[in-house]
Amino acid sequence: MSRDNFEWLNVPVEEAARRLLGCELEREIAGETLRVRIVETEAYDQADEASHTYRGPTVRNAAMFRGAGHAYVYFIHGIHHCLNVVTGVEGYGSGVLIRAAEPVTGLELMAERRGKGGIELTNGPGKICQALDIDLTLSGHSLGRPPLRLIKRPPLPADQVIATRRVGISKAVNELRRFYIAGNPFVSKK
DNA sequence: GAAAAGATCTTCT
DNA sequence: GAAGATCTTTTCC
């Protein structure tokens, strides 16, 4: 199928989560282009008790087993969607949750969709999906093609990347698998 | 300003 | 039947 070049994501999830910082997501909606820059990520893989893939493949998480460069979208708490970038080899359930991003283009459309502006546009997993109109129909989508593309950027200097504990989970809480860009205002609090 | 609860769907126990 | 990789609004200091 896709021969898109996502070999740079075919690495352990923690490394992939670091590499995704600073990369951009481009979303096309009805001829309009929205773009955001990733500023906060969290790593999940099959050996991780907090991961959806911990207990093996299911209908819901199948996209996470499809290999690096796919999107995995899930629906949470009956209200919100969350976007993951799948990493690693096909058949191994690993991926990176996009927790926060910084708007680059299409600010007005995002604000319109969110009903808010400024820092509240994309500083959380569910907020990004609402701002970019991401839903379950994009789960399993290849990120090499429209309407949702992942754009690689040069890696950040190591001293700009901070590793901390993850947010909003109740298992494996002490793992340092959340990464964010130091000093960026769009990184979610806590 | 901080804390708590509500909204509401899928999956697994 | 319960809990969840969340966000918003309300309530009480």
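In the text below, chain A, chain B and the rest are named by the order of the sequence lines, each starting its count at 1.
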*Asks:* I'd like to know if A:Glu175 and A:Arg166 make a salt bridge, using a cut-off of under 4.0 Å between side-chain N and carboxylate O.
*Replies:* no

*Asks:* Has the side chain of A:His141 got a donor or acceptor atom that lies under 3.5 Å from a matching backbone atom of A:Arg145?
*Replies:* yes

*Asks:* How about A:Gln160: does its CD atom have over 12 heavy atoms from other parts shown lying under 6.0 Å from it?
*Replies:* yes

*Asks:* For B:dG6 and C:dA2, measure between their P atoms and round to the nearest Å.
*Replies:* 16 Å

*Asks:* For A:Glu120 and C:dC7, what is the distance between atoms CD and P respectively, to the nearest whole Å?
*Replies:* 10 Å

*Asks:* Pick base, sugar-phosphate or nothing for A:Arg177, based on heavy-atom distances below 4.0 Å to the nucleic acid.
*Replies:* nothing

*Asks:* Is the closest basic N to carboxylate O distance between A:Asp48 and A:Arg177 below 4.0 Å?
*Replies:* yes

*Asks:* Consider only side-chain heavy atoms of I, L, V, M, F, W and Y, link residues closer than 4.5 Å, and tell whether A:Val11 and A:Val85 are in one cluster.
*Replies:* no

*Asks:* Each nucleotide in nucleotides 7-13 of chain B should get exactly one letter: B, S or -. Can you fill that in based on protein heavy atoms under 4.0 Å?
*Replies:* BBB-SSS

*Asks:* Students often get this wrong, so: under 4.0 angstrom with heavy atoms, is A:Leu97 touching a base, only sugar-phosphate, or nothing?
*Replies:* base

*Asks:* Answer yes when A:Glu102 and A:Arg37 have at least one side-chain N-carboxylate O distance shorter than 4.0 Å, and no when they do not.
*Replies:* yes

*Asks:* Please work out if A:Lys116 contacts a base, only the sugar-phosphate, or nothing of the nucleic acid, heavy-atom cut-off 4.0 Å.
*Replies:* sugar-phosphate

*Asks:* Pick the P atom in C:dA3 and in B:dA5, then give their distance to the nearest Å.
*Replies:* 15 Å

*Asks:* So, is A:Lys127 near the phosphate of C:dT8, with a side-chain N or O under 4.0 Å from OP1 or OP2?
*Replies:* yes

*Asks:* What does the 5'-to-3' dot-bracket notation of DNA chain B look like when only Watson-Crick and G-U wobble pairs under 3.5 Å count, and pairs to other strands show as |?
*Replies:* |||||||.||||.

*Asks:* Using modelled atom types only, decide if a donor and an acceptor are shared between the side chain of A:Ser51 and the backbone of A:Tyr44 within a distance under 3.5 Å.
*Replies:* no

*Asks:* By nearest heavy atom, map A:Ser170 and A:Gly126 onto DNA chain C; which one lands nearer the 5' end?
*Replies:* A:Ser170

*Asks:* Do A:Tyr74 and A:His52 make the cut of ring centroids closer than 6.0 angstrom?
*Replies:* yes

*Asks:* Should we say atom OH of A:Tyr54 is surrounded by more than 12 heavy atoms from elsewhere, each under 6.0 Å from it?
*Replies:* no

